[in-house]
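Model, not experiment: these values are computed from the prediction.
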Amino acid sequence: MNQRPLHSAAELLRLIHNLVRLGTIAEVDHNSARVRVAMGELATGWLAWIDGRAGTTRTWNPPTVGEQVVVFSPGGDLSAAVVLTGLYRAQYPAPSASADVFRAVMPDGAVLEYDHAANHLRASLPGSAEISAAAGVTLNADAVINGNVAINGDSLTHNGKNVGDTHRHSGITSGPSNTGEPV
């Protein structure tokens with residue numbers, strides 16, 4: 001009995017070539033977390049990309065059009081492929097050459113950097129920053145503030161003493177004199 005092979009040699013070769021391929025992001029659908037990848041003349045359907053975490057802890061760092069990627073296709077089936085992002089190239093080079101630095105560069109020019117050799121964290125932002133913490137914020141460091149400071153709140157204390165807008169000195173008569181230090 002002569003059995004016909006399940007796949008021709010050409011089909012097997014095509015599947016093998018599709019197991020791991022390089023490409024570039026052609027389109028991004030942020031709502032469904034899917035991308036289309038261009039690989040020469042071939043374009044994939046909508047595929048999921050691999051991110052840092054996707055369980056109860058999740059990260060969101062979507063790929064960008066033109067980013068070089070690796071496409072992994074189980075069994076060579078591109079419709080079941082997933083996309084691994086993060087290959088540097090001339091158009092998007094590595095943002096640092098230091099072994100001691102974690103650095104993230106954003107398209108608007110923002111830079112987040114931690115140098116573990118120098119023990120230094122730096123954030124350079126072209127816009128604003130906000131920290132929201134329901135239980136409060138504690139800063140344990142000497143601090144220098146360059147620029148204007150606005151404090152909005154019900155109280156302001158310094159070493160346990162009220163120095164806010166409800167702070168009053170006793171024993172003072174209105175007039176041209178200055179008051180002494182808070183007591």
What distance do [X] atom [atom1] and [Y] atom [atom2] have between them, rounded to the nearest 0.5 Å?
| X | Y | atom1 | atom2 | value |
| --- | --- | --- | --- | --- |
| R14 | L19 | CZ | CG | 10.5 Å |
| L112 | L121 | CG | CG | 8.0 Å |
| H17 | L12 | NE2 | CG | 11.0 Å |

Do you know which two heavy atoms are closest between [X] and [Y], and how far apart they sit?
| X | Y | answer |
| --- | --- | --- |
| V28 | H30 | CG1-NE2, 3.5 Å |
| G52 | T59 | N-OG1, 3.4 Å |
| L125 | A110 | CD2-CB, 4.0 Å |
| A81 | L47 | O-CD2, 3.5 Å |
| V37 | V83 | CG2-CG2, 3.8 Å |

Set of residues satisfying salt bridge (Lys or Arg N to Asp or Glu O under 4.0 Å) with respect to R21, sequence neighbours excluded: none
For T57, side-chain hydrogen bond (donor to acceptor under 3.5 Å, both in side chains) partners two or more places apart: none
N162 (side chain) donor-acceptor with S155 (main chain) under 3.5 angstrom: no
E11 backbone acceptor or donor facing S8 side chain under 3.5 Å: yes
Any pair counted as side-chain hydrogen bond (donor to acceptor under 3.5 Å, both in side chains), so long as it reaches residues 100-114, sequence neighbours left out: R103-E113
Residue pairs fulfilling side-chain hydrogen bond (donor to acceptor under 3.5 Å, both in side chains) with at least one residue in residues 122-146, sequence neighbours excluded: E130-S132
Side chains of P95 and Y88 in contact at under 4.5 Å (non-hydrogen atoms): yes
Ring pair (Phe, Tyr, Trp, His ring centres under 6.0 Å) contacts in which one or both residues fall within residues 42-71, not counting sequence neighbours: W49-W60
Cluster check [X], [Y]: I/L/V/M/F/W/Y, side chain < 4.5 angstrom:
| X | Y | value |
| --- | --- | --- |
| I145 | I151 | yes |
| V149 | V144 | no |
| V111 | M106 | no |
| M39 | L87 | no |
| L15 | V20 | no |

Verdict with reasoning, T85 to E67, per side chain to side chain contact (heavy atoms under 4.5 Å, CB included): CA-CA 7 Å; T85 61; E67 183 174 350; 3.4 Å; yes
V137/I131 under side chain to side chain contact (heavy atoms under 4.5 Å, CB included): CA gap, chis, key distance, verdict: CA-CA 9 Å; V137 174; I131 297 174; 4.1 Å; yes
Which donor-acceptor pairs under 3.5 Å do the side chains of residues 68-75 make with protein atoms, sequence neighbours left out?
residue, atom, partner, partner atom, Å
S73, OG, N18, O, 3.0

